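Here the structure comes first, spelled out in structure tokens, and everything after it is commentary.
In the text below, chain A, chain B and the rest are named by the order of the sequence lines, each starting its count at 1. In this text, all values refer to a predicted model and were calculated from it rather than measured experimentally. Because only heavy atoms are used, hydrogens play no part in the values below, and waters and symmetry mates are left out as well, while side chains stay in.
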There are 2 protein chains.
Amino acid sequence: MLTTERHQLILALLKEQGTIKLQDLVEQMNASESTIRRDLVQLEEMKALKRVHGGAALFKQKGLEPSINEKKHANHVEKQQIGKLAASYIDNGDCVYLDAGTTILEMIPYMKEKNVTVLTNGLMHLPLLMEADIKTFLVGGKLKIATNAIVGTQAVQFLSDYRFDKCFLGMNGIHPDYGLTTPDPDEALLKMRAIQLSNKSYVLADRSKLFETTFARVGSIEEVTIITDANDEEAVLSLRKHSNVKVVTP
Amino acid sequence: MLTTERHQLILALLKEQGTIKLQDLVEQMNASESTIRRDLVQLEEMKALKRVHGGAALFKQKGLEPSINEKKHANHVEKQQIGKLAASYIDNGDCVYLDAGTTILEMIPYMKEKNVTVLTNGLMHLPLLMEADIKTFLVGGKLKIATNAIVGTQAVQFLSDYRFDKCFLGMNGIHPDYGLTTPDPDEALLKMRAIQLSNKSYVLADRSKLFETTFARVGSIEEVTIITDANDEEAVLSLRKHSNVKVVTP
DNA sequence: TTTGAATGAATGATTTTGAATAAAAGTGAT
DNA sequence: ATCACTTTTATTCAAAATCATTCATTCAAA
């Protein structure tokens, strides 16, 4: 078997399975362990894969690739529902602000063919936005490593040069009395300004965020429309009792 | 069997299988190893196939994605040298602007423990910057998908709020008479402004960019220090003859 | 016949390969 | 945690395969 043939086969299997054991490769191809090992070294040098103990894995794409992290996240199905619903509020030609965060991320696949212009501070969104071929602008400012988001006074300042038809925000705490809250004050400032600059504001949050409060206040609950899952959960029904709170569910 | 007949047969088999072993060809046709070998050399010269150890392969291999990655890392060793040298010009505590591009990318691993603050428009740099735990700011503006860079008037505007000790720029054309040039006018504007805002400017480019010119002019060659490989190449020596051109090599 | 291109064989150099070994990393029980 | 045990990895080396080069031969056309 030709070296290049082995390389191709390895990559094909890897693409199919995500990871692969060295021993499996040895069995599958008619080659010694040493040879396969050398193949993996070469492919790693070509940045085609990442070698791990016992085999190889797909090269971790730029660290910004959400599809890998996506699976890890809890409530993935619920977030997807919320994202789909949120995307349905976008009209053709809208200019929207997309907050960072995994829930907002789920909107993007449903935004294709809406002819939308996006401004975002979420780096994790970029691969999907590119893939969907959406006209995208990125907020400038300080890079917050923990959440892959752009924050800080520069970001707030940058935002102020734009106006939006709609903004879509993630939120950690939603409470009828204490309002909208998020743990990071820097992010709170940014969300606050986004609401100011938008005609209409949407907050995406799964049921676990309802009636919670965290550190920094973003605004009052009446300013936004809350998009959440759990149609008949007690929390949702309770929220709806308040006359000026807008809650929508799938 | 006629030479052209063999050539056609080789190409046909190759098209069918993707790769082919030299020994198989020897068996299949009534010709010696030497002859087949010569055939392959000729066909490679005609860019009809790629010779590999033990046989030949198609140029465009079916489903072999990493060729893109490989391309991205062309001249990888040279770029690494250039990047290492460039990083050595950074002092502790510097605030620097890092242009987008693969050559600049290579600087980052050598920037650790310099206590540096980075502003960049290159999204590809972010994973490495995060990993190196470098204080990073991102330019805001329009996302250019092709190069994973932030560009446009918003980006230029954003940049103008900062001042840098040093900036490090990639460049496609470097010519003593026509100056520094790059294919995209948007990027040219950004590079131009970066030079204005920096105390000292460095251009990183491998030897293939010397004495080349492309579309949009960034500035004159005297404004910057050029960091390139190829110490004793004719091009470098020739550049150095110009009294006010600064060129450094590893 | 002479010329020149194509061929096949032979040579030595280079690359690839598989096996052997020691080092390193993971595993699991105490 | 440590320790013993297993698996995986890195390294080295010799054998095998492949390659580049040279040279003599063949064959066709001038």
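- Closest to the A/Thr3 side chain, of the nucleotides D/dT9, C/dT17, C/dG18, is C/dT17.
- Heavy-atom minimum distance, B/Lys209 versus B/Met171: CG-O, 3.7 Å.
- Per the geometry, CZ belonging to B/Arg51 stands 14 Å off P belonging to D/dT18, to the nearest Å.
- Nearest-nucleotide positions on DNA chain D for A/His53 and A/Arg38 put A/His53 closer to the 5' end.
- For the pair A/Gln23 CD and D/dT7 C1', the computed distance is 9 Å after rounding to whole Å.
- Inspection of the A/Gln23 and A/Glu33 side chains reveals an N or O donor paired with an N or O acceptor under 3.5 Å.
- Atom CE of A/Met29 and atom P of C/dG18 are 12 Å apart (whole Å).
- Base pairing analysis places D/dT25 opposite C/dA6; the two distances defining the Watson-Crick or G-U wobble pair are each below 3.5 Å.
- The interatomic distance linking A/Asp24 (CG) with D/dT7 (P) rounds to 15 Å, in whole Å.
- A/Val52 comes within 4.0 angstrom of the backbone, heavy atoms only, and of no base.
- Considering B/Val96, B/Thr225, B/Asp165 as possible partners of B/Lys200, the one that fulfils the side chain to side chain contact (heavy atoms under 4.5 Å, CB included) test is B/Thr225.
- Taking CG of A/Leu128 as the reference point, atom CG of A/Leu98 lies at 11.0 Å (rounded to 0.5 Å).
- The CD-C1' distance, from B/Glu33 to D/dA20, rounds to 11 Å in whole Å.
- At whole-Å resolution of the value, CD1 in B/Ile20 and P in D/dT18 are 14 Å apart.
- In this model, no side-chain donor or acceptor of B/Ser32 finds a partner on the base of C/dA9 within 3.5 Å.
- Map A/Ser34 and B/Leu2 each onto its nearest nucleotide of DNA chain C; the residue landing nearer the 5' end is B/Leu2.
- Residue A/Ile36 contributes atom CD1, which lies 18 Å from atom C1' of D/dT7 at whole-angstrom precision.
- Here the nucleotide nearest the side chain of B/Arg37, chosen from C/dA9, D/dT8, D/dC19, is D/dC19.
- The CG atom of B/Asn30 sits 17 Å away from the P atom of D/dT26 (whole-angstrom rounding).
- By the 30° and 60° cut-offs, the orientation of the rings of B/Phe164 relative to B/Tyr162 is parallel.
- Among the nucleotides D/dA20, C/dA20, C/dT7, the one closest to any side-chain atom of B/Thr35 is C/dT7.
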